[in-house]
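Only one structure is covered here, and it is reproduced in the block below.
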Amino acid sequence: MPELPEVEVVRAGLERHVTGSTIALVEVLHDRPVRRHPGGASGFAAALTGRRIEGARRRGKYLWLPLDNGDAILGHLGMSGQLLVQPVDTPAERHLRVRFALAGTEPGRRDLRFVDQRMFGGLSVSEGGAELPPEIVHIARDPLDPEFDDDAFVARLRKRTSGVKRLLLDQTLVSGVGNIYADEALWRTGLHGERPGDRLTRAQAVALLGNARTVMGEALAQGGTSFDALYVNVNGESGYFDRSLHAYGRENEPCDRCGTPIRRVAFMNRSSYFCPRCQPVPRRRSARV
DNA sequence: CAGCTTACCTGCCGGC
DNA sequence: TGCCGGCAGGTAAGCT
C-alpha cells in the first residue's frame with residue numbers, strides 16, 4: 001500500500017530513468033487499469049505511441065508524465081500498483097497490466113511497466129495535462145509540498161463539522177495522508193479521530209498538521225535512500241512501518257507513551273487505531289449552542 | 001452542498 | 001482439504 005513517501009520515491013525514480021525516452025510501443029494487457037481513458041485500451045495505446053516523456057510530476061498520490069505534445073500520462077498506484085523500469089527481456093510480472101516499450105537516452109532497451117494486483121490504480125491520457133492534469137485540479141497539495149498553505153488548511157479544517165480523521169483523508173483539504181499516517185499523526189497529537197474539526201483549537205490544528213508532516217517526512221527520508229537503485233522498484237513494503245508506528249496495527253499492544261493498550265475500531269470500512277488514554281473519545285456536542 | 005456511505009478489486013488468513 | 005467470510009484501503013460516485 002504505497003503511501004505518499006513511496007509515491008514520491010517512484011516519481012523521483014521515473015524522473016531519473018524515463019525522462020527523454022520515447023514510447024515506441026504500448027501494450028495493454030488488462031482493460032481495467034485504463035478504465036478512466038475514454039478511448040479504451042486501443043485509444044490509450046494510439047494516443048501515446050511515438051510520444052516523448054518530458055519528466056515525472058506528482059500531486060498527492062497522483063503521478064503524471066508530461067509529454068512532448070502537451071498531454072500527459074496520468075496514473076495512480078491505488079493499493080497495489082507499481083511502476084517499474086525494466087530491461088525489455090525481463091519476464092512479465094504476474095500482475096503486469098500495461099507495458100510501454102521505451103526507446104531512449106540510456107543504453108539498452110527498457111520497458112516502463114505498470115504492475116497492479118488489485119487494480120484500484122490505473123493510467124489514463126490527460127489531454128493538455130502536462131502542467132497539471134485537469135482531472136486532478138481538485139486534489140490539494142500535500143504537507144511536504146513547499147507551496148502547501150498551512151494557514152489556509154488550518155482555517156478550513158476548523159470550519160468543518162466532520163471528525164478530524166475523516167478530514168485528514170479528504171483530498172480536497174490535504175492530500176497524501178492515508179489511513180496509516182492519519183492514525184499516527186493523531187496519536188502524536190493526542191487527538192481522537194472523531195473530534196470535530198470545528199472543535200479543535202488553532203494550536204491543536206497546527207500541531208496536527210506538523211505531526212502529519214513529520215511522520216511523512218521521516219518515512220520519505222528512510223524510503224528515499226533504500227530505493228535509490230538503477231531501476232524504480234517500489235513494492236509498498238516500507239521498512240518504515242515496523243520500526244516507527246505507534247498506533248497503526250498495534251491493537252492491544254501498550255501505548256508507547258502511557259502503556260494503555262491500543263484500541264482498534266471500525267471506521268469507513270477500515271480500521272482506526274488509537275490510545276484511549278492519550279486520545280480520549282470526545283464528548284458529544286451539546287444539543288444547544 | 002457538506003456529510004456520509006458504498007463500490008471497486010484480489011489475495012491472504014482464520015474458522016469450520 | 002477446501003470453501004467462505006472478513007479484512008486490507010484510496011478514491012470517486014452516489015446517496016441524504
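By convention in this document, chain letters (A, B, ...) are assigned in the order of the sequence lines, proteins followed by strands, and residues within each chain are numbered from 1.
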Round to the nearest Å and state the distance from A:Asp183 atom CG to C:dA8 atom P.
-> 11 Å
Are any of A:Arg94's side-chain N or O atoms less than 4.0 Å away from OP1 or OP2 of B:dT10?
-> no
Can you figure out which of B:dA2, C:dT11, C:dA12 approaches the side chain of A:His76 most closely?
-> C:dT11
Looking at A:Tyr62, does any N or O in its side chain come under 4.0 Å of the phosphate oxygens OP1/OP2 on C:dA12?
-> yes
Check ion pair A:Asp150-A:Arg213 (N to O, under 4.0 angstrom) | yes
In whole Å, what is the span from the CG atom of A:Leu157 to the P atom of B:dA2?
-> 15 Å
A:Arg97 CZ to B:dC9 P, straight-line distance once rounded to whole Å | 11 Å
Out of B:dT5, C:dG10, B:dG3, whichever nucleotide has its closest atom nearest the side chain of A:Met268 | B:dT5
Residue whose nearest DNA chain B nucleotide is more 5′ - A:His30 or A:Leu167 | A:Leu167
Checking C:dA8, B:dC9, C:dT11 against the side chain of A:Gln171 (C-beta onward), the nearest is C:dT11
Please determine if A:Arg166 and A:Glu194 form a salt bridge, counting it only when a charged side-chain N lies under 4.0 Å from a carboxylate O.
-> no
Select base, sugar-phosphate, or nothing to describe what A:Phe267 touches, counting heavy atoms under 4.0 Å on all strands.
-> nothing
Of all the choices, C:dG10, B:dG11, C:dA12, which nucleotide is nearest to the side chain of A:Gln117 once you look at every atom?
-> B:dG11
Which is true for A:Arg35 with a 4.0 Å heavy-atom rule: it touches a base, it touches only sugar-phosphate, or it touches nothing?
-> nothing
What integer distance in Å separates A:Leu77:CG from C:dA8:P?
-> 21 Å
Nucleotide paired to C:dT1 in any strand shown, Watson-Crick or G-U, under 3.5 Å | none
Is A:Ser80 near enough to B:dG11 that one of its side-chain N or O atoms lies under 4.0 angstrom from OP1 or OP2?
-> no
On a plain distance test, is the side chain of A:Arg118 in donor-acceptor contact with the base of C:dG10 below 3.5 Å?
-> no
Find which nucleotide of DNA chain C each of A:Ile136 and A:Phe120 is nearest to by heavy atoms, and output the residue with the more 5' nucleotide.
-> A:Phe120
Do the rings of A:Trp187 and A:His246 sit parallel, tilted or perpendicular, given the 30° and 60° boundaries?
-> parallel
Specify the separation, in whole Å, of atom NE2 of A:His138 and atom P of C:dG10.
-> 15 Å
Answer yes or no: does a side-chain N or O of A:Thr161 lie under 4.0 Å from OP1 or OP2 of B:dG3?
-> yes
For A:Asp170 and C:dA13, what is the distance between atoms CG and C1' respectively, to the nearest whole Å?
-> 14 Å
Can a salt bridge be assigned to the pair A:Arg109 and A:Asp89 using a cut-off of 4.0 Å between side-chain N and carboxylate O?
-> no
What's the CG-P distance between A:Leu173 and B:dC4, to the nearest Å?
-> 13 Å
A:Lys61 has its side chain closest, among C:dA8, C:dT11, B:dG11, to C:dT11
Of all the choices, B:dT10, C:dG10, B:dC9, which nucleotide is nearest to the side chain of A:His95 once you look at every atom?
-> B:dT10
Any A:Ser271 side-chain nitrogen or oxygen under 4.0 Å from OP1 or OP2 of C:dA8 = yes
Just call it for A:Arg166: base, sugar-phosphate, or nothing, with non-hydrogen atoms closer than 4.0 Å on any strand.
-> base
Salt bridge or not for A:Glu184 and A:Arg188, using N-O below 4.0 Å?
-> no
By nearest-nucleotide position on DNA chain B, the 5'-leaning member of A:Asn269 and A:Lys159 is A:Lys159
Between B:dC8, B:dT10, B:dG3, spot the one nearest the side chain of A:Arg32, thanks.
-> B:dC8
Evaluation steps, salt bridge (charged side-chain N to carboxylate O under 4.0 Å, His left out), between A:Asp142 and A:Lys61 | CA-CA 9 Å; A:Asp142 66 79; A:Lys61 294 181 186 174; over 6 Å; no
A:Asn179 CG to C:dC7 C1', straight-line distance once rounded to whole Å | 12 Å
Which is it for A:Arg202 and A:Asp151 under the salt bridge (charged side-chain N to carboxylate O under 4.0 Å, His left out) test, yes or no, and what are the steps along the way?
-> CA-CA 10 Å; A:Arg202 181 178 162 76; A:Asp151 291 340; 3.4 Å; yes
